[in-house]
Structures are given as structure tokens and as C-alpha cells.
Amino acid sequence: MDSKKPNRRGFLRGSAALAGLAGGAKVAKSQTQGMPQKKIDDLIAYGERSRFVNSIRVPVAERHSPDEFGLTFHVLTPLQDSSGIITPSSLFYTATHRGSFVPDIDPKEHRLMIHGMVDRPLIFTMDELKRLPYVSRIHFIECLGNRARPTHKTVQETHGLTSCAEWTGVPLPLLLKEAGVQSGASWIVAEGAEEVKGASSIPLGKAMDDCAVCYAMNGEPLRPQQGFPLRLMVPGFEGIYQIKYLRRIKVVDRYYMTYDDYGHINPDPKVAALTHEIGPKSVITFPSGGQQLSGPGFYEISGLAWSGGGAIKSVEISTDGGKSWKAAELRSPALPMAHTRFGLHWNWNGQECTLMSRCTDQLGTVQPTRAEVAKYWNQPLNKDYRVPGADNSVQPWRVAADGSVHNGLA
Ligand SMILES: Nc1nc2c(c(=O)[nH]1)N[C@H]1C(S)=C(S)[C@@H](COP(=O)(O)O)O[C@H]1N2
Ligand SMILES: [Mo]
């Protein structure tokens with residue numbers, strides 16, 4: 001152990017954690033005891049988590065799922081229970097367009113077409129795509145609608161429209177080179193297979209950089225809610241560009257104002273290509289709204305930071321409502337356009353305080369405060385303030401003297 005850091009005993013002395021360690025363990029009984037054979041077979045075929053673990057996704061409060069047509073899904077990742085940087089596929093947030101549905105696609109029937117301003121239009125089956133060289137990369141996705149409101153109680157509600165997974169697929173530049181992009185082309189339009197088509201205009205420069213056509217997530221085929229059998233990954237761009245059920249990529253010479261692009265793309269072509277990147281953004285996941293500290297003493301503050309601008313360079317934490325800041329430690333690799341876990345040792349003195357985190361990405365961009373965001377939009381900051389664009393503002397959590405934790409925006 002690093003001799004400069006206080007030792008672990010020091011952390012725990014006098015805290016409730018020790019009492020827990022001293023408690024005698026009961027003799028464990030088998031997980032399968034008394035289970036019907038069918039259930040045991042299922043457990044062997046495809047494992048499940050402990051019955052004592054009950055972290056779940058919940059629908060977005062302002063937009064209940066399914067909607068009045070029984071269609072739209074907007075469900076939030078339980079970030080308050082997260083550890084590390086990978087979101088389990090079962091807990092990955094889901095956002096589908098209004099009026100859209102989760103299609104049930106037979107991968108044998110599915111095709112990807114690449115056409116438009118190309119020398120050789122191409123159509124791929126899933127089997128053909130899987131024969132090609134592939135990459136596996138860890139990236140976050142975040143919906144533009146991931147905005148904190150004072151009415152939100154938990155970090156799941158304020159920040160749960162982001163998740164992070166390992167994605168595997170064929171690099172898009174490889175496919176585009178195979179098709180032969182013609183001169184004069186400057187954008188692609190990528191389209192999903194549902195009736196209300198997910199379609200987004202993406203600058204060709206980005207498409208030829210780090211995009212990939214992905215069929216796997218966290219080591220298994222994509223989940224239907226995440227775009228089975230194929231989705232486009234556009235690392236660091238807003239969620240809406242990560243086209244699920246991907247069936248068509250058209251190479252074009254301008255952006256198209258599609259259903260998706262409305263409200264997301266800047267109509268000025270000079271800046272249109274610059275306005276898709278998310279963040280930098282960070283949030284403390286423990287202690288966060290709705291959680292309860294058991295008393296004064298040692299706690300490890302833990303949180304996530306991410307940026308569409310690249311890797312996270314540093315994270316700072318304030319335990320006094322932003323008056324002073326301390327450097328947090330990065331507790332995971334700082335991968336480009338990926339959730340990055342940070343932490344800080346903290347001794348809570350039992351008094352009311354406000355916790356905040358702010359991050360800086362590799363471009364040197366610093367996460368703004370809510371006041372700075374309001375100033376940027378030239379709007380007055382009040383309690384009901386809603387960020388009109390992407391909300392990457394600093395999130396305050398208020399720890400009350402009784403150890404309960406609350407949304408600091410309330
Ligand atoms: N085809 C298609 N792609 C889509 C969507 C959709 O409804 N249909 N939703 C978009 C939006 S708004 C977001 S934020 C992300 C959400 O991805 P997820 O549901 O896997 O979290 O997918 C995007 N891609
Ligand atoms: Mo979204």
C-alpha cells in the first residue's frame with residue numbers, strides 16, 4: 001500500500017463497518033435448493049444474479065413507458081448502484097423515439113445497405129458482416145434528454161439516460177472504403193428499420209474516423225432494446241446518432257433534416273458538424289440522492305465522468321458546495337468516450353454539506369456549473385431552471401445532518 005495514504009484500519013476505526021465484519025456468518029444454503037428442475041436448467045443455460053440483488057431500471061418519470069400507444073420505451077439506468085465502468089446489458093438505459101417500438105428482427109433476414117455517393121453500392125447479410133475484421137471498444141452513450149431537474153430524487157432520475165458498454169463490430173471506414181466514397185460526399189445518413197425510422201445525418205469525417213457497425217455488446221449479441229441485430233456506434237456523439245436496427249447508410253453531399261435531426265442538428269452547415277459531442281460531464285453516484293449515510297466517519301465518494309471530446313483527464317470533488325475542490329483519483333482506465341470511474345476518501349464530520357464533482361477532458365474543457373450553463377444560454381438561473389440543450393452541468397448532492405442525501409438542485 002502507498003505509504004502516503006492513511007491505512008485501511010484508520011479508515012474504518014470507529015465506523016459502523018467494523019461491526020458488520022465481526023458478525024458471524026450463517027452456513028449458506030444452496031441457491032438451487034427446492035428449485036424446480038426447469039429453473040435449474042435455465043440457471044445453468046443462462047445465469048442470473050442473486051435474489052438478494054434487486055437494482056432495477058425505472059421509466060423516465062416525465063415520459064412513462066410504454067406510452068399511450070404501448071410503444072415508447074424510455075428507461076433509466078440505476079447509476080446509484082453502479083460500480084466500475086461497464087453497465088450490464090440488462091440495466092442499460094433505453095431510449096426509443098416517440099411512436100417507435102422495439103422491432104423483433106430475425107438476423108437471417110436483416111440486411112445493411114451502403115449506397116448513395118459510392119462507386120459500388122453494397123448489401124451485407126449479418127453473416128457477411130461477421131466475416132470481416134472487427135474492433136471491440138468501450139464507449140458510453142448518453143441521450144440529449146439526460147437533464148437534471150430539481151424534482152428528481154435520485155441519480156437514476158437526474159443522470160440515468162447514460163450507460164457504458166463494450167461494443168464489437170466492423171469499423172465503418174472499412175465498409176465505406178470498400179464501397180468507394182465519391183468526391184464531393186460530405187455526410188452520411190444512417191437509418192434504422194422501424195416504422196418511425198431512426199435516421200441521423202453524421203459528418204463524413206466522423207464516419208471515416210472511429211465509427212463502427214456493431215452486432216455485439218458486453219460479449220453477446222446486442223439486446224433488442226439496444227438495436228439487435230445491428231447498431232451504429234458514433235463514439236462521443238449524442239445518443240440519437242447511435243442508430244439501432246441499422247439497415248441503411250447513404251453517403252450524401254449535405255446533411256438531411258430527418259426526423260432525428262430535427263432539433264439536434266444546427267441548421268447552419270458551417271457549425272452543424274460541431275454540435276453533436278456530449279459533455280464533459282460527471283456525477284457522484286455515491287453518496288447520491290435517496291441514499292442514507294449511517295453516521296459520521298469514513299466513506300469512499302464514488303462517481304462517473306465522461307466526455308464526447310475524448311478521455312477524461314481529471315476529476316475534482318468539492319465537499320463544501322463548490323468553495324474548495326480536491327483532486328479525485330481515477331479508479332478505472334480513462335478510455336476515450338467511455339465512462340471513467342473516480343473516487344475520493346472522505347471523512348464525514350456529521351454536519352450538513354454539499355458534494356459536487358467536476359471533470360476536465362483531454363481537450364482541456366472543464367464541466368460547467370449550472371450558473372455557467374444558464375449564463376451561456378443567457379437565461380436567468382432559478383430553482384426551476386431547465387437547461388435547453390445538453391445538460392452537462394455540475395450536480396450537487398446535499399447531505400443532511402441525519403445522513404440522508406438529497407438533490408442539491410431542489
Ligand atoms: N433505430 C433507432 N435508433 C435509435 C433510437 C430509436 O428509437 N430507433 N433512439 C435513439 C436515441 S434518442 C438514443 S438516446 C439512443 C439510445 O440507445 P439505447 O436505447 O441503446 O440506450 O439510441 C438512438 N438510436
Ligand atoms: Mo435520445
Side-chain angles (χ1 to χ4, degrees), residues 1-2 4-18 20 55 77-85 87 148 152-160 162 164 279-307 312-334 338-361 366-367 369-370 392-410:
M1 180 175 263
D2 187 334
K4 281 185 297 224
K5 291 179 196 147
N7 71 37
R8 181 127 199 109
R9 270 178 178 232
F11 293 152
L12 297 180
R13 194 182 297 131
S15 86
L18 275 186
S55 185
T77 293
L79 293 175
Q80 66 279 12
D81 304 319
S82 66
S83 37
I85 59 171
T87 311
H152 292 155
K153 299 273 183 278
T154 66
V155 69
Q156 183 164 21
E157 292 177 87
T158 57
H159 288 73
T162 183
C164 183
K281 187 163 175 177
S282 73
V283 70
I284 292 171
T285 55
F286 178 84
S288 62
Q291 292 176 331
Q292 174 71 45
L293 302 183
S294 54
F298 176 80
Y299 294 92
E300 178 73 13
I301 297 174
S302 181
L304 290 167
W306 60 96
S307 174
I312 289 298
K313 198 169 70 186
S314 61
V315 183
E316 297 158 287
I317 288 178
S318 173
T319 56
D320 57 13
K323 285 192 209 76
S324 67
W325 296 86
K326 272 193 208 113
E329 287 178 35
L330 298 189
R331 294 286 158 78
S332 72
H339 281 179
T340 302
R341 180 63 65 174
F342 63 84
L344 182 73
H345 306 332
W346 179 49
N347 261 299
W348 182 44
N349 60 12
Q351 274 156 30
E352 171 153 331
C353 63
T354 296
L355 307 179
M356 295 173 165
S357 67
R358 78 172 174 213
C359 66
T360 304
D361 68 15
V366 183
Q367 182 182 4
T369 62
R370 220 163 160 82
N392 67 328
S393 63
V394 166
Q395 170 66 39
W397 298 119
R398 184 175 59 82
V399 182
D402 66 359
S404 58
V405 187
H406 308 270
N407 186 351
L409 299 175

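Count residues from 1 along the sequence. Scope of the values below: all heavy atoms of this structure, side chains included, with no hydrogens, waters or symmetry mates.
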With no hydrogens and no angle check, is any side-chain donor or acceptor of S318 less than 3.5 Å from a backbone partner on D320? yes
Sorted by chain and number, sequence neighbours left out, salt bridge (Lys or Arg N to Asp or Glu O under 4.0 Å) with E316 holds for R358
Could I get the full list of side chain to side chain donor-acceptor pair (under 3.5 Å) partners for T319, not counting sequence neighbours? none
Please identify each residue that fulfils side chain to side chain donor-acceptor pair (under 3.5 Å) with S82, with sequence neighbours left out. R341
Run the salt bridge (Lys or Arg N to Asp or Glu O under 4.0 Å) test against R398 and tell me which residues pass, sequence neighbours left out. E352
Could you pull out all residues at least two apart from S307 that satisfy side chain to side chain contact (heavy atoms under 4.5 Å, CB included)? P280, I312, D361
Residue list, side chain to side chain donor-acceptor pair (under 3.5 Å) with T340, at least two apart or on another chain: none
Using the side chain to side chain donor-acceptor pair (under 3.5 Å) criterion, which residues pair with S393? Sequence neighbours excluded. R370, D391
Applying side chain to side chain contact (heavy atoms under 4.5 Å, CB included) to P396 and not counting sequence neighbours gives T354, M356, L409
Side-chain touch N407/W397, heavy atoms, less than 4.5 angstrom: yes
Compare all side-chain heavy atoms of F286 with those of L293 and state whether any distance is below 4.5 angstrom. yes
Can you name the closest pair of heavy atoms from H339 and T162 and give their distance? NE2-OG1, 2.9 Å
Write down the atom of L330, the atom of K313, and the distance for their closest heavy-atom approach. CD1-O, 4.1 Å
Has the side chain of Q291 got a donor or acceptor atom that lies under 3.5 Å from a matching backbone atom of Q80? yes
For residues 286-304, which residue pairs qualify under salt bridge (charged side-chain N to carboxylate O under 4.0 Å, His left out), counting only residues two or more places apart or in two chains? E300-R331
Can you name the nearest heavy-atom pair linking L79 to H159, along with the distance? CD1-O, 3.2 Å
Which heavy atom in S282 sits nearest to a heavy atom in W306, and how many Å separate them? CA-CZ3, 4.3 Å
Quick one: which residue pairs count as a salt bridge (charged side-chain N to carboxylate O under 4.0 Å, His left out) with a foot in residues 286-296, not counting sequence neighbours? none
Got P287 and W348 here, is their nearest side-chain heavy-atom distance under 4.5 Å? no
Which atom of I317 lies closest to which atom of A328, heavy atoms considered: CD1-CB, 3.9 Å
S332 (side chain) donor-acceptor with G84 (main chain) under 3.5 angstrom: no
Does any non-hydrogen side-chain atom of Q395 lie less than 4.5 Å from one of I284? no
Donor-acceptor pair, side chain of T87 and main chain of C164, under 3.5 angstrom: yes
Mind jotting down which residue pairs meet the salt bridge (charged side-chain N to carboxylate O under 4.0 Å, His left out) criterion with at least one end in residues 399-410? Sequence neighbours excluded, please. none
